[in-house]
Asks: 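Here it is, the structure in full.
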Amino acid sequence: MEVKRDVPLTNKSSNVLSYSDVSHFNNDNPFTLLTSQNVNRKAKHIWAIGGGKGGVGKSLISSSLAVSLTRQRHKVIAIDLDLGGANLHTSLGVDLPKQTLNDFISGKVPELKQCIIGSGIRNLDIISGAQDSVGVTNMTFDSQLKLMKGILELEADYVILDLGAGTNISTLDFFLLADTGLIVALPEPTSIENAYRFIKSSYYRKLSTSPSIEKLWPSVQIAMDGKNQNGIRTPADLFKLTQESHPELVEEYKKVIQSISLKLVINQARTQSDVDIGHSIKSITKKYFGIQMEYIGSLDYDSCVWQAIRRKKPLFVEFPNSQIVASVEKISEYLQKLRTIPAQNLFR
Amino acid sequence: MFDEPKTYYEILELEADATEKDVQESYLKLKNAFSKNATATYSIFDQSQAESELENIENAFQVLSNPERRKEYDKRHGLIVTEKNTKVSKNESNSLSEDEFLLIPPSTEIQNSAKEDHSDLAASMDTDTSAKPSSSPSSQFDPVSENAEGALDAKINDEIEWKGTFIQFVRIEKNVSIEELSTQTKISKNYIRAIEEEQYDKLPAAVFLRGFLIQMCRILKLPEEKVITAYISRYKQNASYKD
């Protein structure tokens, strides 16, 4: 995001930025726009699975969690939000779905629920991202808004959002829309780097879409520019600036950040140190971002996985007694027991 | 959340009632997280930041793993509470650090008596601080005598104003060069000089300055709260660009 040059600074050396016209922020803020749209929320729990890197296992984990939930007799709808990289249907063995998300986004189909199709598994429906028109990898703001509303209004116990790779704004917004946000990472530098990138982007996006700290938006904007000349290099810098320039907003700032739900899953662990790296990432996230991310478990590298993928069959169906299925069940059980804080339950 | 200073419990991600086993486990986990070339710090913390955090972790562990030192530490944190005349349990020591950070501490007995004698002290202070850095300390002390260290500690104890020149005096007495102090605290030499010379226009905003002073106090073993209260209030009075 480019830095808005028309934000006046009172004094460069004091790093205090004045509150100027921030209406343009509100125009891009789907969360505030949705509050004025009479959302009739029916989705009881929304889980989003992200992580910033392609190929870490988001679709696999999304589909497996979805299946696991149906075993507890919950009504589940899994949505593939990875436009241009849609794999959810493949993980579940659903061939070339007739009605997909693109039909809704393009306006061909007026309501999201018309895109729901069966998965072949009892209690599990999906909205697939397949059949995407070539070139449609970024949805417009209006489409995104329509889609967010549509998701909230789906009738289901659990809605699982399989997010795309990367940190584009739509992805971040869907992540922040959820009650529970899962970050999947592999125990390797590239994946971890992307995970931090994802957390960082979510952090700033959350701040920029929270009207309770509107006065900080100009500073947040500057902070998002990694090369800014104001010395705001890290979230800690931004927080300290807030303490200095708007001390009355410090508590609200903390509340906003603490309402970001972050749960970490390490996938394809092969050694104990791979498993342990989740704890390290958690500590570093706390130290750098001030966010309490929970490390909820790791999934061992399991040859069942690639076999299931090759066969285009759900893991749970092909290898129900495998170690990895047991691990996913454990994670699923844990997440179901979680009580989200009120601030995370949007539009209830 | 970013509020300094962190308690040792916070550094090791422990609750106040953590067992010795908890302390040990946390210590090992965190040492691992910030170890040299750890994968988990990649792209977020550079080598020197990781090292600085390792130092914090080490310090925290040294105290919390030793039952006696831990008891003392716990008590000391209870002491901070009494100064503010509020009764706070150990578990609330977390929120305490935030309050410390934001509020200008209310006057305590020590400060009150100091105010009364202020003029006298100021006079004697000026005499002391006019001593050139390179010269030997005031005639009261014989640097060679065994009492030198005790005498310095007494001076530190009695100090009220905490002018930059006094901080410099202590630094030199302890044989710490600006270079060394800079390396240990990760504060640039220019800022250290600016702090010692009280060149307010060269110093950053109070929030950062506070952090610097805390670091310097830790290395030079100075009483953080006293130094910061005195220095920052003088800084705020004098800094011309504060609106």
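Every heavy atom of this structure was used, including side-chain atoms; hydrogens, water molecules and symmetry mates were not. Proteins come first, then strands; the chains are lettered A, B, ... in the order of their sequence lines, and each starts at number 1.
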Asks: Let me confirm one number: the CD1-CG distance from A:Ile281 to A:Leu262, rounded to the nearest 0.5 Å.
Replies: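 One gets 12.0 Å once the value is rounded to the nearest 0.5 Å.
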Asks: Among A:Ile257, A:Ile284, A:Ile291, A:Ile192, which residue forms the greatest number of heavy-atom pairs with chain B at distances under 4.5 Å?
Replies: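 With the most close heavy-atom pairs to chain B, the winner is A:Ile284.
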Asks: By a 4.5 Å heavy-atom criterion (distance strictly below it), what part of A:Lys282 contacts chain B: side chain, backbone, both, or neither?
Replies: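 A:Lys282 touches chain B through side-chain heavy atoms alone.
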Asks: Between A:Pro187 and A:Tyr301, is there a side-chain heavy-atom distance shorter than 4.5 Å?
Replies: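 The answer is no; the side chains never approach within 4.5 Å.
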Asks: Write out, in numerical order, the residues from residues 45-68 of chain B with a heavy atom short of 4.5 Å from a heavy atom in chain A.
Replies: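 Expected list: B:Phe45, B:Glu53.
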Asks: Would you call A:Arg197 and A:Glu193 a salt bridge, taking side-chain N to carboxylate O under 4.0 Å as the test?
Replies: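 Yes.
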Asks: Side-chain contact, heavy-atom cut-off 4.5 Å: B:Tyr235 with B:Leu213?
Replies: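 B:Tyr235 does not reach B:Leu213 side chain to side chain.
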Asks: Quick one: pull up CD1 in A:Ile183 and CD1 in A:Ile199 and give me the separation to the nearest 0.5 Å.
Replies: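 One finds 4.0 Å between CD1 of A:Ile183 and CD1 of A:Ile199.
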Asks: Could you tell me how the ring of B:Tyr9 sits relative to the ring of B:Tyr73: parallel (under 30°), tilted (30 to 60°) or perpendicular (over 60°)?
Replies: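 Taking B:Tyr73 first and then B:Tyr9, their aromatic rings sit tilted (interplane angle of 30° to 60°).
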Asks: Working to the nearest 0.5 angstrom, can you tell me the gap between B:Ile214 CD1 and B:Leu222 CG?
Replies: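 Taking CD1 in B:Ile214 and CG in B:Leu222, the distance rounds to 12.5 Å.
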Asks: Sort B:Ile44 into side chain, backbone, both or neither according to what part of it lies under 4.5 angstrom from a heavy atom of chain A.
Replies: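 Contact with chain A is through both the backbone and side chain of B:Ile44.
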Asks: Can you check side chain to side chain contact (heavy atoms under 4.5 Å, CB included) on A:Asp276 and B:Lys29, steps first, answer last?
Replies: CA-CA 8 Å; A:Asp276 292 342; B:Lys29 270 198 204 142; over 6 Å; no
Asks: Identify whether NZ of Lys or CZ of Arg in B:Arg234 sits under 6.0 Å from the centre of the six-membered ring of B:Tyr231 and within 45° of that ring's axis.
Replies: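 The answer is yes; both the distance and angle limits are met.
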Asks: Anything under 30° is parallel, anything over 60° is perpendicular, the rest tilted; go ahead and classify A:Phe198 against A:Phe175.
Replies: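 Perpendicular, since the angle between the ring planes exceeds 60°.
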Asks: What residues of residues 191-198 of chain B make heavy-atom contacts with chain A at a cutoff under 4.5 angstrom?
Replies: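 Counting heavy atoms that sit under 4.5 Å from chain A, no residue of residues 191-198 of chain B is involved.
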Asks: So what's closer than 4.5 Å to chain B heavy atoms on A:Gln292: side chain, backbone, both or neither?
Replies: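 Contact with chain B is absent: no heavy atom of A:Gln292 under 4.5 Å.
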Asks: Of the non-hydrogen atoms in A:Ser283 and B:Leu30, which two are nearest, and what is the gap between them?
Replies: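 Minimum heavy-atom separation between A:Ser283 and B:Leu30: OG-CD2, 3.3 Å.
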